[in-house]
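Each chain gets a letter, A, B and so on, in the order the sequences are listed, and its residues count up from 1. Just the heavy atoms: all of them, side chains too, but no hydrogens, waters or symmetry mates, feed the values below.
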There are 2 protein chains.
Amino acid sequence: MSLRYAILAILTAAPLTGYETAKRFEGSVGHVWHAPDSQIYPELRRMEAEALVEGREERWGPKGTKTRYYITAAGEAAFRDWMATPLKYAPWRDVAHMQAAYFEWTDPESVRMHLEQHAAHYTEQIAQWSSQVQAIESHEHPMIAARLERYPAEQHERIVAFKAFAYEGLIRLAQAEVDWAHSGLELLERLDADVPAADAGD
Amino acid sequence: MSLRYAILAILTAAPLTGYETAKRFEGSVGHVWHAPDSQIYPELRRMEAEALVEGREERWGPKGTKTRYYITAAGEAAFRDWMATPLKYAPWRDVAHMQAAYFEWTDPESVRMHLEQHAAHYTEQIAQWSSQVQAIESHEHPMIAARLERYPAEQHERIVAFKAFAYEGLIRLAQAEVDWAHSGLELLERLDADVPAADAGD
DNA sequence: CGCCAATAGCTATGTACATAGTTATATGTG
DNA sequence: CACATATAACTATGTACATAGCTATTGGCG
């Protein structure tokens with residue numbers, strides 16, 4: 001159900017086609033939410049059925065059409081309601097930490113590979129999210145530009161500040177993951193100095 | 001598929017019944033993985049069908065029975081294979097950070113409520129995970145005790161160190177979330193000092 | 001002895017997500 | 001003009017997870 005509010009949220013910036021919405025939720029460019037097409041198109045239709053969005057058909061070239069979705073007053077109200085509703089926190093679940101708990105079941109080279117991969121992954125995330133923050137703060141991010149055009153100037157500071165704040169939180173998490181992986185490499189060195197590779201269970 | 005390896009992992013400490021396994025994966029007491037019963041029992045059966053575990057029936061009182069699952073040699077091999085396999089990182093997805101990006105759509109009291117709830121949630125997680133670390137390092141954690149009884153002394157340091165390491169990573173993440181929420185409360189104060197509660201879109 | 005909670009073993013149902021693929025049209029470039 | 005990529009709109013299928021509930025037996029406590 002979070003996808004619904006993520007869609008409503010981006011429609012408060014500007015109306016979008018299904019394809020543009022899917023582009024915003026593509027998992028590879030550092031956005032704050034993700035979803036596959038197979039969730040997005042049906043959800044847009046359900047929201048349209050509930051009058052949270054209104055789809056207006058536009059011409060696209062001489063023979064094509066596209067549907068652009070506008071958030072409705074009911075959609076804004078639903079979004080505001082959700083924005084005032086306490087969140088339900090799911091239990092934490094993370095494969096990398098779970099696997100790390102059992103590193104004694106593999107050789108130090110594999111442990112090193114996992115930790116280096118983990119650091120590399122989150123270093124890349126930091127780069128992606130940092131570039132989002134830069135685009136937000138410079139107002140060059142297209143959704144920011146759209147919002148600043150649409151809403152009165154006295155709201156601009158909050159609009160920009162909260163998006164930067166959200167990404168800064170993600171960057172903090174990613175930095176904690178990088179630091180944790182590095183501390184794991186140090187732990188590995190300490191453990192290797194103690195006992196050479198004697199695997200558990202052998 | 002991660003559940004399978006989480007189950008194999010805990011069976012390397014000691015054989016468990018389905019119910020005991022489900023207890024280890026209960027979402028409310030700070031473990032490193034979680035799963036509902038509806039996943040655990042079918043997965044145990046699939047793993048038994050694939051000879052990764054062996055279920056042995058035991059008597060339970062005069063009329064009851066229980067099945068205790070033992071990891072097999074094939075199960076250990078599959079677990080080692082997974083422990084040496086690079087992980088696939090899913091795109092990050094987190095409702096609290098997504099919602100924070102749009103805090104301008106609600107009033108400062110709701111923003112404060114969200115941030116305080118976020119800090120409280122992760123403060124509680126830190127307490128739970130810290131108590132896991134204490135139990136691990138004091139060797140009073142039942143799974144640790146089982147492992148130290150089962151495996152040779154030269155492996156004990158690694159067994160303990162890697163589990164503590166995994167939880168320390170989770171604690172770092174939780175601390176980053178608490179710090180982020182606190183920095184959000186500070187941001188909120190700065191924004192409130194600038195402009196009183198003018199909501200976007202009104 | 002009765003009652004309640006724990007132990008034990010599940011299933012049904014629905015939602016969220018991953019992956020892969022499809023057809024049609026438009027646009028830009030060489 | 002031809003070709004490749006982007007835009008546009010999806011669906012099919014399978015896995016992961018959430019929630020709620022079920023029956024049976026044992027054990028502890030008042």
Side-chain angles (χ1 to χ4, degrees), chain A residues 1-7 14-29 31 33-50 53 55-69 82 87-95 98 142, chain B residues 1-7 14-29 31 33-50 53 55-69 82 87-95 98 142:
Chain A
M1 191 56 88
S2 305
L3 172 63
R4 165 169 294 203
Y5 299 108
I7 296 178
L16 298 172
T17 63
Y19 179 82
E20 286 167 343
T21 305
K23 278 300 197 190
R24 295 293 181 280
F25 289 107
E26 214 180 37
S28 64
V29 288
H31 298 305
W33 197 253
H34 304 289
D37 290 8
S38 60
Q39 279 193 286
I40 292 171
Y41 286 95
E43 189 64 36
L44 280 170
R45 262 206 290 293
R46 277 193 291 274
M47 290 164 67
E48 192 175 17
E50 294 176 44
V53 302
R56 298 179 196 169
E57 197 140 304
E58 298 175 2
R59 186 147 241 158
W60 183 53
K63 291 170 69 178
T65 64
K66 57 188 178 185
T67 305
R68 187 169 300 280
Y69 292 92
W82 180 71
L87 290 179
K88 189 170 193 182
Y89 285 79
W92 189 279
R93 186 179 282 108
D94 180 294
V95 185
M98 188 262 283
Chain B
M1 190 53 89
S2 305
L3 173 64
R4 164 168 294 205
Y5 299 108
I7 295 177
L16 298 171
T17 65
Y19 179 82
E20 285 169 343
T21 305
K23 279 298 199 192
R24 294 293 180 281
F25 289 106
E26 210 179 40
S28 63
V29 287
H31 298 304
W33 196 253
H34 304 290
D37 289 9
S38 59
Q39 279 193 287
I40 291 172
Y41 286 95
E43 188 65 35
L44 280 171
R45 262 207 289 293
R46 276 195 290 273
M47 290 163 67
E48 193 176 16
E50 293 176 44
V53 301
R56 298 180 194 169
E57 197 143 303
E58 300 175 0
R59 182 142 250 155
W60 184 51
K63 291 167 71 181
T65 63
K66 59 187 175 185
T67 306
R68 188 169 301 279
Y69 291 92
W82 180 71
L87 290 180
K88 190 171 192 178
Y89 285 79
W92 188 280
R93 188 179 279 111
D94 181 295
V95 185
M98 187 263 282

> If the sugar-phosphate is the primed atoms plus P, OP1 and OP2 and the base is the rest, what is the B/S/- string for nucleotides 8-21 of chain C, using protein heavy atoms under 4.0 Å?
Replying inline: BBBBB---SBBB--

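One end of the helix from dC1(C)-dG30(D) to dG30(C)-dC1(D) points its axis 30° away from the other end's axis, with each axis taken from 5 pairs and the angle rounded to 10°.
Here dG27(D) presents its C1' atom at 15 Å from NZ of Lys63(B), a figure rounded to the nearest Å. The CG atom of Leu16(B) sits 13 Å away from the P atom of dT7(C) (whole-angstrom rounding). The NZ atom of Lys23(A) sits 13 Å away from the P atom of dT5(D) (whole-angstrom rounding). Distance, Glu26(A) CD to dA9(D) P: 15 Å, rounded to whole Å.
With sequence neighbours excluded, the residues forming a side-chain hydrogen bond (donor to acceptor under 3.5 Å, both in side chains) with Glu58(B) are Arg68(B), listed by chain and number. For Ala6(A), the side-chain contact (heavy atoms from CB on, under 4.5 Å) partners two or more places apart in sequence, or in a different chain, are Phe25(A), Trp33(A), Met98(B). Taking the side-chain contact (heavy atoms from CB on, under 4.5 Å) definition, one finds that Pro142(A) meets it with nothing, sequence neighbours left out. Residues forming a side-chain hydrogen bond (donor to acceptor under 3.5 Å, both in side chains) with Arg56(A) (at least two apart in sequence, or on another chain): Glu54(A). Checked against ring-ring contact (aromatic ring centres under 6.0 Å, His included), Tyr19(A) has no partners two or more places apart in sequence or in another chain. The ring-ring contact (aromatic ring centres under 6.0 Å, His included) check on Tyr41(B) picks up nothing, with sequence neighbours excluded. Residues satisfying the side-chain contact (heavy atoms from CB on, under 4.5 Å) criterion with Thr65(A), sequence neighbours excluded, are Glu57(A). Residues meeting the side-chain contact (heavy atoms from CB on, under 4.5 Å) test with Ala22(B), sequence neighbours left out: Asp37(B), Ile40(B). Under the side-chain hydrogen bond (donor to acceptor under 3.5 Å, both in side chains) criterion, Glu43(A) pairs with Arg4(A), Arg46(A), sequence neighbours left out.
The existence of a salt bridge linking Glu26(B) and Lys23(B) is confirmed by a sub-4.0 Å separation between a basic side-chain nitrogen and an acidic carboxylate oxygen.
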Please tabulate the protein-to-nucleotide N/O contacts below 3.5 Å involving nucleotides 1-5 of chain C, giving atom names and distances.
none

